[in-house]
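Each remark here refers to the structure printed beneath this line.
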Amino acid sequence: MTARSAPLRVGLAGFGTVGRAVARQLQRETDVDLVAILNRRAPIWPAGAVADPVRWTDSIDDLLDFQLDVFVELIGGRDPATDWIRAALRRGISVVTANKQVMAHDGPELLALAAEHGCQLRYEASVAGGVPVLRAIGGGLAGDTLVGLRGILNGTCNYILSRMEQDGASFSVALEEAQRLGFAEANPSQDIDGLDARAKLAILAFIGFHLHAPVDAIAARSIAPVTPFDFTYARRLGCTIRQVASASCDASRRQLSAAVGPALVSLDSPLARVSGSENLVTVTGELGGETTYGGRGAGGDPTAVAVVSDVLAIARRATASTPRRFTAVGEVADASAAPYYLRFTVRDRPGIIAALAAILAARDINIDAILQEPGFASTARPFVVTIDPAPASAIHGALDDIRALDFHVADPLALPIVTAAVTEVVA
Ligand SMILES: NC(=O)c1ccc[n+]([C@@H]2O[C@H](COP(=O)([O-])OP(=O)(O)OC[C@H]3O[C@@H](n4cnc5c(N)ncnc54)[C@H](OP(=O)(O)O)[C@@H]3O)[C@@H](O)[C@H]2O)c1
């Protein structure tokens, strides 16, 4: 392979947490020349923000007119980022992005556009920040047939759940603390409701299984209903609680099962040890079995490593290892066939267990054990029922029926118990 004679001309859009770190790092590289930066506040940034001779603009048309080889998109969100990426690719300008929403929703269309125009679209930073998991799956594991993916993909949820685990803090106290320390947004819904993680899971599914699903079709459950009481019971079961994203595909590679939500994870599993902004992804292949990738999933510098590595790969004319052909799937099955933890808080009276058991039995769901800590008032008595492996659809259907009973003082909670290889948890 021959090296390029002239440095690659790079234009950057977005000068926030990641954009600044990328600009700093790009200016240390000799194979690339950061020629221009787009930002809404372009006129107030030039003074020493980055070394000269970078030009500043607030117009995408101006930026793309700088005879760029690579456009780096770091503004986030779908609109206008998707249109900007399309515009660059149509001009034959390669694109590097960290944008999970754009790639999860429109990745296959944009990759096809890049191929049509003879340029590249790289997006390593869109999943797990500085952990090169997309490259590992798309390149290093290309010789295997992947059947399962499981990961901890959201640092905000890690932080909140770790605080609840360590100090017995309530969800709202842990969330307020995360917001005060800058680990959670003012509107934390994307993180706590699992929307951020499911976009990343959709990208992992199209790299790993070559299946592209509508992101909204992936079940996402919030961590908000988890209480300190759940951690007490999780520990009795040898587990803690994390937001887990899981996906698997069937043997024909046409059907996808995927879900994101809080789950019990065994205390001795790598998932339980992930904390703060760390991410972890475990991939199961038919031939190679499980491989695991972990490291810092967020933050300016770790994410910039992934972005700049993508730029350098283009400078060095490396071929992208991402697949170009995808099977579109219209529906995504919920996670299934896991043992479950069901927590109820009830106004106690005789017959409650019998009523629950009847509803569960009607859906062929088998009770494993009933756990109840002493010392709670009969007006709000919590207890837990563990369930032998059952499909998520059956569990959530039963829970809907159980909710209609008149003894609840808090909404029941169902958490899958992650104990086995991902293919056994998500059928
Ligand atoms: N931060 C992380 O740890 C991390 C990790 C992995 C991936 N990512 C991804 O990296 C991307 C950037 O994230 P970030 O954390 O750097 O975000 P950020 O700090 O909010 O920075 C975004 C920058 O883009 C600018 N911008 C937004 N919309 C714009 C528009 N329409 N026109 C012009 N400028 C616009 C913003 O300007 P204003 O300040 O004027 O709004 C800001 O300077 C996102 O796709 C994110 O998901 C981030």
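All values below were derived from every heavy atom in this structure, side-chain atoms included, with hydrogens, water molecules and symmetry-related copies excluded. All ligand and atom numbering here is 1-based and tracks the order in the structure.
A salt bridge between Glu290 and Arg150 is absent, with no side-chain N of the basic residue lying under 4.0 Å from a carboxylate O of the acidic one. Under 4.0 Å is where a charged nitrogen must lie from a carboxylate oxygen, and between Asp301 and Arg24 at least one such pair does. Salt-bridge annotation for Asp310 and Arg135: present, with a side-chain N of the basic residue lying under 4.0 Å from a carboxylate O of the acidic one. Contact check on Arg363 versus Asp401 returns a salt bridge, with a Lys/Arg side-chain nitrogen under 4.0 Å from an Asp/Glu carboxylate oxygen.
Smallest separation of non-hydrogen atoms from Ala169 and Pro228: O-CG, 3.5 Å.
Using the six-membered ring where Trp is involved, Phe344 and Phe383 have ring planes that are tilted, between 30° and 60° apart. In this structure, Phe206 and Tyr123 have tilted ring planes: the angle between them lies in the 30° to 60° band.
With ligand atoms numbered from 1 in the order given, ligand 1 contributes 3 (O) to contacts under 4.0 Å with heavy atoms of Ala298. Distances below 4.0 Å separate heavy atoms of Lys100 from the following atoms of ligand 1: 47 (O). Taking every non-hydrogen atom of Ala125 and a distance limit under 4.0 Å, the qualifying atoms of ligand 1 come out as 6 (C), 7 (C). For ligand 1, the atoms lying closer than 4.0 Å to a non-hydrogen atom of Gly14 are 23 (C), 24 (O).
The local environment of CD in Gln67 is sparse, with at most 12 non-hydrogen atoms from other residues, nucleotides or ligands closer than 6.0 Å. For CZ of Arg235, the number of neighbouring non-hydrogen atoms (other residues, nucleotides, ligands) closer than 6.0 Å is 12 at most.
In this model, no donor atom of one side chain and acceptor atom of the other lie less than 3.5 Å apart for Asp61 and Ser59.
Protein heavy atom nearest atom 39 (O) of ligand 1, with residue, atom name and distance: Arg41 NH2, 3.0 Å. Nearest protein neighbour of atom 30 (C) of ligand 1, counting heavy atoms only, is Arg40 NH1, 3.4 Å. The nearest protein atom to atom 25 (C) of ligand 1, hydrogens excluded, is given as Asn39 ND2, 3.9 Å; this is a heavy-atom distance. Counting only heavy atoms of the protein, atom 21 (O) of ligand 1 lies nearest to Gly16 CA, 3.3 Å. When hydrogens are left out, the protein atom nearest atom 45 (O) of ligand 1 is Gly76 CA, 3.2 Å; that is the closest non-hydrogen contact. Ranking the protein heavy atoms by distance from atom 17 (O) of ligand 1 puts Thr17 N, 4.6 Å first. Protein heavy atom in closest approach to atom 16 (O) of ligand 1: Val18 N, 2.8 Å. In terms of protein heavy-atom proximity, atom 22 (C) of ligand 1 is nearest to Leu74 O, 3.7 Å.
Under the 3.5 Å distance criterion, the side-chain polar atoms of Gln25 are left unmatched by any main-chain donor or acceptor of Val22. Here the side chain of Asp144 pairs a donor or acceptor atom with the backbone of Leu287 at under 3.5 angstrom.
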Exercise for the section: Test Asp83 against Arg90 for salt bridge (charged side-chain N to carboxylate O under 4.0 Å, His left out), laying out the working first. Expected result: CA-CA 10 Å; Asp83 286 343; Arg90 285 196 182 112; over 6 Å; no
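At least one heavy atom of Leu38 sits closer than 4.0 Å to an atom of ligand 1. Between Trp84 and ligand 1 there is a heavy-atom distance shorter than 4.0 Å.
Protein heavy atoms are found inside the 4.0 Å sphere centred on atom 1 (N) of ligand 1. Protein non-hydrogen atoms do reach within 4.0 Å of atom 19 (O) of ligand 1.
Between Gly300, Ala13, Gly130, Ala98, it is Ala98 that holds the heavy atom closest to atom 8 (N) of ligand 1. In this structure, of Gly299, Ser59, Ala304, the residue bringing a heavy atom nearest to atom 3 (O) of ligand 1 is Gly299.
At under 3.5 Å, not a single nitrogen or oxygen of Gly297, backbone or side chain, sits near a nitrogen or oxygen of ligand 1.
Heavy atoms of Gln101 found under 4.0 angstrom from ligand 1: none, in either backbone or side chain. Only the side chain of Pro80 comes within 4.0 Å of ligand 1, judged by heavy-atom distances. Counting heavy atoms closer than 4.0 Å to ligand 1, residue Thr303 contributes side-chain atoms (C-beta onward) but none from N, CA, C or O.
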